[in-house]
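Okay, structure first, notes after.
Naming convention: chains lettered A, B, ... in sequence-line order (proteins, then strands); numbering from 1 in each chain.
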There are 2 protein chains.
Amino acid sequence: MRTLSLADHYDGRVAHESSLVNQLTDLLIAGELRPGVRLSETALAGRFDVSRNTLREAFRVLGEQGLLQHVPNRGVSVASPSTADVIDIYRVRRTIECSVLERAPRNHPSAEAMRAAVDRARSAAQAEDWLQVGTANMAFHNALVSLSDSPRLMRSFGNVLAELRLAFLKVEVLDFLHAPFVDRNHEVLEVYLSESPAAAAAILGHYLGDSERQVLGAYARAGQS
Amino acid sequence: MRTLSLADHYDGRVAHESSLVNQLTDLLIAGELRPGVRLSETALAGRFDVSRNTLREAFRVLGEQGLLQHVPNRGVSVASPSTADVIDIYRVRRTIECSVLERAPRNHPSAEAMRAAVDRARSAAQAEDWLQVGTANMAFHNALVSLSDSPRLMRSFGNVLAELRLAFLKVEVLDFLHAPFVDRNHEVLEVYLSESPAAAAAILGHYLGDSERQVLGAYARAGQS
DNA sequence: CTAGCACCGATTGTTCTACAAACCTAGATC
DNA sequence: GATCTAGGTTTGTAGAACAATCGGTGCTAG
């Protein structure tokens with residue numbers, strides 16, 4: 001039995017070349033294909049034991065999701081978000097996450113998923129498995145947006161969040177960046193459940209601002225643009 | 001010289017199979033490929049004089065954009081938004097458009113594009129060219145979202161708006177649906193420029209609510225789900 | 001007559017081969 | 001040292017081929 005992939009959490013993709021998309025997504029999110037590296041068609045096709053054509057179809061999908069960058073006649077490479085991209089990503093996050101949380105109903109099943117993500121992040125943090133912490137963090141915020149019950153918001157947001165993961169991987173200081181997230185996710189969840197969605201949204205807004213500053217700081221230190 | 005396609009307005013795509021994506025997008029938006037119709041690979045490949053492989057790559061792109069629906073082993077068909085889709089699309093519109101307009105700076109170059117779109121809509125409405133009115137309407141709201149200077153918001157929103165166009169085409173009562181838009185776009189623009197972004201956002205919120213009701217009404221009358 | 005079942009044609013999924021076009025690099029020339 | 005040219009490499013695209021899957025047709029059994 002194949003271990004449940006991160007991509008499987010998003011949408012119920014099925015067999016065939018969709019599974020290729022999932023496999024690639026997993027590699028990207030796991031950081032095995034590092035941001036910026038060029039992806040040779042023949043090489044990757046060989047690695048996954050698929051034809052070039054099939055691989056190219058997967059490339060188009062992931063390109064449209066923002067995980068791969070496609071330059072005509074020069075092939076595709078793993079997206080490597082610039083500081084401008086990071087700023088844009090956080091703008092989208094604030095717009096979508098805060099807006100969703102503010103209007104979220106009080107008792108929504110996704111709250112369960114949010115709590116589960118917090119717990120997973122807790123465990124992973126104690127084990128100092130920062131990649132897992134990052135994964136749980138993504139799951140938390142995806143669950144938060146799914147409070148909206150809007151497939152389109154969830155899809156767009158999921159893409160943006162996956163892109164942000166690439167930004168984290170680009171400046172690989174995962175422990176430092178992910179440590180504060182765990183408690184703040186928990187705080188947002190508690191306020192949402194015990195006080196009000198609006199109050200939680202306000203906290204989330206600050207949270208995202210701080211998070212953005214941290215990432216941009218890491219970019220500056222790493223000398224990345 | 002090729003006439004400027006609608007798709008060209010979105011992003012600066014270049015040559016090759018991207019132009020195939022643009023061609024297909026134009027056909028979809030123009031309603032020449034009606035919502036729900038199945039797209040045969042060999043037939044379309046012949047029509048555009050490209051190979052099946054190339055066409056399939058374009059299919060994956062448009063599928064990811066939500067314009068085509070891809071069912072494994074059963075091919076692709078033009079997306080045919082259900083009422084649930086329409087509701088979701090308007091939820092996204094409210095979330096993004098209102099949020100963007102509320103925070104929009106006072107003097108943004110996109111205001112020019114918005115005014116141009118209003119003018120085009122005016123002319124087209126007088127000529128009773130409702131398809132053009134719809135196109136100008138799309139341009140207006142795309143310009144509105146570009147007030148955010150956020151490429152990702154613009155991209156996601158553009159996809160959703162194109163999908164909505166398919167919803168309009170599905171219940172083809174274009175004149176009735178598009179007529180009120182012209183003046184209300186103008187109103188939103190004026191209030192944004194002369195009063196305040198926040199006031200304009202409030203008006204836009206009502207506008208979108210009314211628009212949603214109209215579309216859903218048309219769906220009900222057409223007996224569509 | 002209807003429910004089920006086997007078959008068959010059509011379409012999609014995927015691979016392979018082939019080649020033109022664009023790109024990158026390195027060596028040659030001035 | 002800068003520019004140009006040639007060659008190898010990679011991408012873009014076409015086309016043929018075949019397995020897998022789907023949809024419908026007609027047959028059979030009850």
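Between A:R56 atom CZ and D:dA14 atom P there is a gap of 11 Å when expressed in whole angstrom units. As a whole-Å value, the separation of B:E57 CD from C:dT14 P is 14 Å. A straight line from CG of B:L44 to P of C:dT11 spans 13 Å, rounded to a whole angstrom. Rounded to an integer number of Å, the gap from CG of B:D49 to P of D:dT13 is 13 Å. Between A:N73 atom CG and D:dT11 atom P the separation is 10 Å, expressed in whole Å. One atom, CG of A:L55, and another, P of D:dG12, lie 11 Å apart when rounded to the nearest Å.
As judged by a 4.0 angstrom heavy-atom cut-off over every strand, A:L39 is placed among residues touching the sugar-phosphate backbone only.
Taking 4.0 angstrom as the limit, A:T54 places a side-chain polar atom (N or O) nearer than this to OP1 or OP2 of C:dT15. In this structure, B:R74 reaches the D:dG23 phosphate: one of its side-chain N or O atoms is under 4.0 Å from OP1 or OP2. Remark: B:S51 is in phosphate contact with D:dA14, judged by side-chain N or O atoms under 4.0 Å from OP1 or OP2.
The CG atom of A:L62 sits 5.5 Å away from the CD atom of A:Q65 when rounded to the nearest 0.5 Å.
Side-chain proximity of B:E41 to D:dA14, C:dT12, D:dG12: nearest is C:dT12. In the set C:dT12, D:dT10, C:dC23, D:dT10 carries the atom at the smallest distance from any side-chain atom of A:R38.
With hydrogens and angles left out, the side chain of B:R52 and the base of C:dG13 share a donor-acceptor pair within 3.5 Å. Looking at B:N53, its side chain has no donor and acceptor atom pair within 3.5 Å of the base of D:dG12.
Using modelled atom types, one side-chain atom of A:R165 and one backbone atom of A:I29 make a donor-acceptor pair closer than 3.5 Å. Side chain of B:R38 to main chain of B:R74: a donor-acceptor pair is present (N/O by atom type, distance under 3.5 Å, no hydrogens or angles). Under a 3.5 Å cut-off, the side chain of A:R120 and the backbone N or O of A:A136 do not form any donor-acceptor pair.
The side-chain heavy atoms of A:L144 and A:L204, taken from C-beta on, include a pair separated by under 4.5 Å.
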